[in-house]
Amino acid sequence: MPIKGKLVDKLLTFSNFKSHILTRLMMDSARPHERPTALDRMLAPLHRWIWSDTDRRVQKLLRFSETETDGGRDILRAAEVTSDPLLRRLYLEHAIDEFRHGVLFRHRAAALLKVASSGSNAGFQGEWLAPGGHGLDDLQVDGESDIDMLAFLHLSEKAAASRFTVYRDVMQHDPPTRAVFEEILRDETFHMNYTLTQLARVEPKQHRRHLWRARLSRLWKTYLRLATGLAGILGSLLLTIQYFVLLPPFAWLAKRAARREPSGWTIVAAGTSQSLDRQY
Ligand SMILES: [Fe+2]
Ligand SMILES: [Fe+2]
C-alpha cells in the first residue's frame, strides 16, 4: 500500500477512535455511576472476608476471568445475529471490553499466584451467597430478540457495576487488584448505560415492562441459586449427623460380633463337609 494510503488509514482509525471516546464520555456522563444495591452493601463484610485470603482471591479472579471471556463470546454472537447496525457496533465494542476484562483478571490472578502462600484455605468462597460479578453466564443469545437481550444485558451490567463497586471498596489491602476493579467498573458502567439507552431507543413505549420481566427472571434464578446452595449445606449437615449418630451403633454391633467369632482354623465335624470335587 502507498505511504499516502497508509497515512489516510491511520488518520481514519484515529478519527474513529476519537469519536468513539467522545461518544463513550457523553454516554458515561449521561447517567451517574451505579451505587451498590442494599444487599451488596449488606454483604460487604462477607466480601471483605472472602477477598482477604490470597488463595481465595486467585480462585475468584480466575473464575471472573472465565465469566468475562464467556460473556464476551456470547455478546460477539449477539453482534452476529442482530439486524440493527448500531447495536452490532456497540455489541462488538462490548465484547472486546469483556475479553479485555477476562485478560485483566487472569493477569492479576497470575501475579497473585506468584506470591500466594499454599497454607491458606480457599475452600469456601460463598459463590452461591455472593456470586461473581456478572450474570452473563446465564445469557442465551440465539432466539432472543434485541429487546430481551438489551434488558438482560442492562440488568447484568448493573449487577456487575454494583458488586464491583463493593469489591473495589473492600480491596484496600490490595491496591493492584483494587485498580483492576476500578478500571473494569468504568466499562461496566458504560455497558449498563448504553444498554438502557438502546433499549429505550429500540422499544420506546414498553421498555420498562421488558425490564421488569427480565428482573423477575433474574429473581427466579437467584432463588434457584440460593435454594441449591442451601440444599447443599443441609445435605452435608444431615450426612454428618447420620455419620456420627447412626453409624456408631452399627460399628459397636459389628465389633461385638467380631469378638464372639472364634479365631484361627475351626475343626469341622465329620460328615458335614461338602464334596471338594465341584465348585459349589
Ligand atoms: Fe465485564
Ligand atoms: Fe460488562
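Both counts, for ligands and for their atoms, begin at 1 and track the order of listing.
Of the residues His101, Arg163, Lys158, the one that meets the side-chain hydrogen bond (donor to acceptor under 3.5 Å, both in side chains) test with Glu188 is His101.
Nearest N, O or S atom of Glu68 to the Fe ion (ligand 1): atom OE1. Within His101, the N/O/S atom positioned nearest the Fe ion (ligand 1) carries the name ND1.
Rounded to 10°, the angle formed at the Fe ion (ligand 2) by OE2 of Glu157 and OE1 of Glu188 is 130°. If you put the vertex on the Fe ion (ligand 2), ND1 of His191 and OE2 of Glu98 sit 90° apart, to the nearest 10°.
Arg77 and Glu80 are joined by a salt bridge, as a carboxylate oxygen and a charged side-chain nitrogen come within less than 4.0 angstrom of each other.
Ring geometry for Phe164 versus Tyr167: interplanar angle of 30 to 60°, hence tilted.
Arg56 and Gln59 form no side-chain donor-acceptor contact under 3.5 Å, judged by distance and modelled atom types alone.
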